[in-house]
Amino acid sequence: MFRNPRRAALLLAAGAAAAGAGRLLDRGDSATVVTVSASAPLRHLLSTAATGLFSSNPLFAPWQGDFTGSFPILNSFASASVPPANLSNHASGGNSDDSRCCPGCLGRNSIANAAAAVGPAVVNISCMQENGWLREKSLGSGTIIDPDGTILTCAHLVTDFQSTKPGLKGKVSVSLQDGREFEGVVLNFDHHSDIAVLKIKSKTPLPAARLGSSCKLRPGDWVVALGCPLSLQNTVTAGIVSCVDRKSSDLGLGGIRREYLQTDCAINIGNSGGPLVNLDGEIIGVNVMKLRDADGLSFSVPIDYVVKIVEHFKKNGRVVRPWLGLKMLDLNPMVIAQLKERSSSFPDVSKGVLVPMVTPGSPAERAGFAPGDVVTEFDGKPVETIKEIIGIMGDKVGVPFKVLVKRANNVPVTLTVTPEEADASR
């Protein structure tokens, strides 16, 4: 079509730039400036032609990504969702956010916007404890979740976990991002989840962050952590969700079963209690810990679980956890197939929860549970996961539940179990 390929490239690139009515510099001669403009139909035609050439002709491959100013526009031509009339916004090289044109995409301002939405509600928390002649100060973070001054944070910041019966450490000081300082009052705390609720009083409404949901998070989702690591106030770090249901047993933590969000956000001493935020600027977790001497292994309590804890605080003044005395395991087709290979008598089920161990003297043992049972129904509802069983029990202690289990050789058995309240010794 053109005898001079370089001239052809220049003309077609100039035509592409015409969609934004921009300027083109001939890189072989810095003095050569080509100014182009075109009507809307011509801009559309030229942009289509440029797209085909830049995507299929190896002659133009070195040009891609080699321009500044208006030339990121070339990447936009392939998207049918971007009308030609709006392409000038992309050509400006200003503060445009790609996420606006592609909902769910990470734009240049996505993390900054999320941090800005939550930042004013993030507080720094310090607590002074006197232990005889020794004075100890703990530092951490928190988030205002209600304009009345209600704050979410970690229990280990404000309570003494070294005692068998954790009590409050001492005076709690809360500092806002705008420089204001308040004295905080601990309303409630839960040792096992490491969640506490504080309250500060202000004559004016306080900035508050929105609560999101953690149930739909996926590995790879972008998240932002805010807080006061190593006394460095107003610090923002970002990363991705590495695991959405990291078990406490995976981390060597005994006692009551817990699950964490694992992220690779930079978390250090002082981040404890601070928020983990999605790109919509919503809290989806409370940062609680990291693995010592490890980078990119940080853990947060999922906000859906935190909300339930707060509801327990309001309803009972404490977190009530029913205890059955069962060790349980979620089943899936692969695990079931493997168990059937090991034993031909394994019950013929497609889903359910396996009971590999029963605690002696527990409500489950008294109800007649035995190792090898597969729970298929709990309180008349089909169950596939431990989470479902925990959700059905809620805070119902002393309430009998009917449970349908299948045993070896497909023998169905109906049991009645009455949960007891879990305590710190279990």
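Index from 1, following the sequence.
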A.B. asks: Determine, for Glu421 against Arg318, whether the closest basic-nitrogen to carboxylate-oxygen distance falls under 4.0 angstrom.
C.D. replies: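 So Glu421 pairs with Arg318 through a salt bridge.
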A.B. asks: Check whether the side chains of Asn287 and Ser300 place a donor and an acceptor atom closer than 3.5 Å, and report yes or no.
C.D. replies: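 Indeed, the side chains of Asn287 and Ser300 share at least one donor-acceptor pair under 3.5 Å.
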A.B. asks: Under a 3.5 Å distance rule, please check whether Ser298 uses its side chain to pair with a backbone N or O of Cys265 as donor and acceptor.
C.D. replies: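 Yes.
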A.B. asks: When you measure from the side chain of Asn268 to the backbone N and O of Pro229, does any donor-acceptor pair fall under 3.5 Å?
C.D. replies: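 Pair absent, no side-chain N/O of Asn268 close to backbone of Pro229.
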A.B. asks: Kindly say whether Ser193 contributes a backbone atom to a donor-acceptor pair with the side chain of Asp190 at under 3.5 angstrom?
C.D. replies: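 Judged by distance alone, yes, a pair lies under 3.5 Å.
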A.B. asks: Would Lys315 and Asp395 pass as an ion pair if we require N to O under 4.0 Å?
C.D. replies: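 Looking at Asp395 together with Lys315, the answer is yes, because their closest N to O distance falls below 4.0 Å.
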A.B. asks: Ile200 and Ile151: side chain to side chain contact (heavy atoms under 4.5 Å, CB included), yes or no, with the steps?
C.D. replies: CA-CA 8 Å; Ile200 58 176; Ile151 298 173; 4.0 Å; yes
A.B. asks: Taking the basic N atoms (NZ, or NE/NH1/NH2) and the acidic carboxylate oxygens, is any pair closer than 4.0 Å for Lys201 and Glu183?
C.D. replies: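 Answer for the salt bridge query: no.
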A.B. asks: Any salt bridge linking Asp250 with Lys247? Criterion: basic side-chain nitrogen under 4.0 Å from a carboxylate oxygen.
C.D. replies: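 Salt bridge between Asp250 and Lys247, a charged N being under 4.0 Å from a carboxylate O: no.
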A.B. asks: Is there any side chain to side chain donor-acceptor pair (under 3.5 Å) pair reaching into residues 269-282, and which pairs are they, with sequence neighbours excluded?
C.D. replies: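 Sorted pair list: His156-Ser272, Arg210-Glu282, Asn278-Glu282.
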A.B. asks: What do you reckon, is NZ of Lys199 surrounded by more than 12 foreign heavy atoms closer than 6.0 Å?
C.D. replies: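 More than 12 heavy atoms, drawn from other residues, nucleotides or ligands, come within 6.0 Å of this atom.
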A.B. asks: Considering the options Val277, Ile240, Thr263, which one meets the side chain to side chain contact (heavy atoms under 4.5 Å, CB included) requirement together with Trp222?
C.D. replies: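 Among Val277, Ile240, Thr263, the one that satisfies the side chain to side chain contact (heavy atoms under 4.5 Å, CB included) with Trp222 is Ile240.
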A.B. asks: Can you list everything that forms a ring-ring contact (aromatic ring centres under 6.0 Å, His included) with Phe182? Sequence neighbours excluded, please.
C.D. replies: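 Per chain and number, Phe182 pairs via ring-ring contact (aromatic ring centres under 6.0 Å, His included) with no residue.
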A.B. asks: Above 12 or not: heavy atoms from other molecules or residues under 6.0 Å from CG of Leu253?
C.D. replies: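 Result for CG/Leu253: enclosed.
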A.B. asks: Looking at Val405, Ile390, Ile392, which hits side chain to side chain contact (heavy atoms under 4.5 Å, CB included) with Phe378?
C.D. replies: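 Single pass found, and it is Ile392.
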